[in-house]
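I'd like to ask some things about the structure below.
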Amino acid sequence: MLIGIKSNLKIITSVKDQNDYCNSLGEEGKKISLVPTMGNLHKGHEHLLSCSRTTNNKTVVSLFVNPLQFNDIDDYKSYPNSIDADISMLERNKIDCLFMPSEDEILESIDESHSPNLPVYMKTLCGKYREGHFIGVFKIVRQLLKIIKPSIAYFGKKDYQQLIMINYIVKEHFMNKIKIIPCDTVREDNGLAMSSRNNKMTKSEKNIASLVYKELLALKKIIRFDKNYDYDELRIKSIDNLSKVGIKIEYLELLSSNDLSIIQKNDTDNRMLFVAFYISGVRLIDNIEV
Ligand code: AMP
């Protein structure tokens, strides 16, 4: 059902209406850009919106809190929701269409006979610690791409492992016909990567969480300039430093940004540091190029 048009933002809640809208744009010769989100929009999302406005495409933003990607039911149930503020942000950014399907309809529309086959590098990092997470992301993103048929889609580098999985989906399921644009991570003034989960923390917890980014920068400096660095030793020291301020590191890895493989000491290209950590029960991720 089409529930309303506010300013120029078309708000669509049914898969059929979204299909019809996208097909009619195609018939008019217009191309579509897609920005998939789970809502509770912040400046990180807004950066993706502004990137999408650099073409003449029509921009569709999807808002769907994907139950399949949560391995913790409480995390899913407590996922922040701010629909009125989200709509205002989309209007301010002159977005053409918001697609917010019901959970039942999207889940029913998925063809379960084509179960996802993830590449081996999806078993590391978050794939190792969040069982079923990426299969859930895979199913929903593939479905959104099928319904919306964008020529371009925008994703944040903050979720880097997700980003490389999306490239894989586009290659395997869409013959590389969708262009994926990676967008830089937007940070708070203190360096903390913006995230909808930041709303679950107090100001002082956010300041403590920002120490992880500072630790990443310190590690980057050593890795780049000290040819004799010992990464295992550096990691132990960093985990120790951060545990003293109440941060529990889940993983802290130096890997290839191409395929998340372990890098050799003399590989100086395409290196990235990846981290997942907990502070007061909130799980956050971040990464930086080295
Ligand atoms: P989410 O709503 O958290 O699923 O995120 C939707 C999209 O926004 C994903 O492509 C994220 O990678 C991207 N995103 C989330 N946080 C940031 C950020 N701080 N900077 C840039 N992109 C982000």
Side-chain angles (χ1 to χ4, degrees), residues 33-54 59-72 75-76 78-83 85-87 89-90 93 95 98-101 103 106 122 125-127 130 133-145 148 150 152-170 178-201 206 209-210 212-213 216 257 272 274-277 282-289:
S33 293
L34 171 65
V35 182
T37 80
M38 297 209 298
N40 195 237
L41 303 181
H42 50 67
K43 285 187 182 154
H45 297 110
E46 197 162 25
H47 175 54
L48 272 57
L49 303 182
S50 65
C51 292
S52 80
R53 299 306 302 163
T54 57
T59 297
V60 176
V61 172
S62 62
L63 192 167
F64 182 68
V65 183
N66 173 10
L68 303 181
Q69 73 180 67
F70 287 83
N71 50 336
D72 173 351
D75 190 21
Y76 169 59
S78 65
Y79 200 80
N81 168 323
S82 56
I83 186 64
D86 291 356
I87 289 176
M89 183 191 282
L90 300 180
N93 284 276
I95 297 306
L98 167 62
F99 178 44
M100 31 187 258
E103 192 178 306
I106 275 284
M122 295 310 293
L125 303 179
C126 292
R130 299 187 71 188
H133 168 73
F134 284 120
I135 295 275
V137 177
F138 188 116
K139 286 182 178 174
I140 295 299
V141 172
R142 182 178 60 183
Q143 199 59 9
L144 289 172
L145 294 173
I148 294 165
I152 309 179
Y154 296 82
F155 289 86
K157 289 188 202 168
K158 184 177 88 74
D159 299 279
Y160 191 83
Q161 193 173 14
Q162 168 176 286
L163 174 66
I164 59 175
M165 182 181 76
I166 306 296
N167 283 325
Y168 172 82
I169 296 176
V170 164
I178 303 168
K179 191 169 172 190
I180 300 301
I181 308 284
C183 302
D184 286 340
T185 300
V186 178
R187 299 178 180 281
E188 307 272 2
D189 289 343
N190 64 12
L192 176 65
M194 296 213 174
S195 161
S196 303
R197 289 201 163 89
N198 293 357
N199 288 337
K200 295 180 170 187
M201 293 186 284
K206 283 192 224 176
S210 75
V212 175
Y213 178 59
L216 290 181
S257 55
M272 258 176 128
F274 297 90
V275 67
F277 61 100
V282 181
R283 182 180 185 276
L284 299 169
I285 57 170
D286 202 353
N287 62 68
I288 57 168
E289 287 169 31

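These values consider heavy atoms only, across backbone and side chains, with no hydrogens, waters or symmetry-generated copies. Counting starts at 1 for both ligands and their atoms, following the listed order.
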Closest heavy-atom contact between Ile285 and Cys126?
CG2-SG, 3.9 Å
Whether Tyr79 and Phe70 hold their rings parallel, tilted or perpendicular, with breakpoints at 30° and 60°
perpendicular
Go through the steps to decide whether Leu192 and Met201 satisfy the test side chain to side chain contact (heavy atoms under 4.5 Å, CB included), and finish with yes or no.
CA-CA 12 Å; Leu192 176 65; Met201 293 186 284; 4.1 Å; yes
Candidate pair His45 and Val35, rule side chain to side chain contact (heavy atoms under 4.5 Å, CB included), full reasoning:
CA-CA 9 Å; His45 297 110; Val35 182; over 6 Å; no
Evaluate the side chain to side chain contact (heavy atoms under 4.5 Å, CB included) criterion for residues Ile83 and Leu63: first the C-alpha distance (whole Å), next the side-chain angles of each, then the deciding distance (0.1 Å), finally the verdict.
CA-CA 9 Å; Ile83 186 64; Leu63 192 167; 3.8 Å; yes
Return the minimal non-hydrogen interatomic distance between Thr185 and Lys158, and the atom names on each side.
OG1-N, 3.3 Å
For ligand 1, list every N/O pair with the protein closer than 3.5 Å, one pair per line with the distance.
residue: ligand 1; atom: 2 (O); partner: Met38; partner atom: N; Å: 2.9
residue: ligand 1; atom: 2 (O); partner: His45; partner atom: NE2; Å: 2.8
residue: ligand 1; atom: 5 (O); partner: His45; partner atom: NE2; Å: 3.4
residue: ligand 1; atom: 10 (O); partner: Gly156; partner atom: N; Å: 2.9
residue: ligand 1; atom: 12 (O); partner: Gly156; partner atom: N; Å: 3.2
residue: ligand 1; atom: 12 (O); partner: Gly156; partner atom: O; Å: 3.3
residue: ligand 1; atom: 12 (O); partner: Asp159; partner atom: OD2; Å: 2.6
residue: ligand 1; atom: 16 (N); partner: Met194; partner atom: O; Å: 3.4
residue: ligand 1; atom: 19 (N); partner: Val186; partner atom: O; Å: 3.0
residue: ligand 1; atom: 19 (N); partner: Met194; partner atom: N; Å: 3.4
residue: ligand 1; atom: 19 (N); partner: Met194; partner atom: O; Å: 2.8
residue: ligand 1; atom: 20 (N); partner: Val186; partner atom: N; Å: 2.9

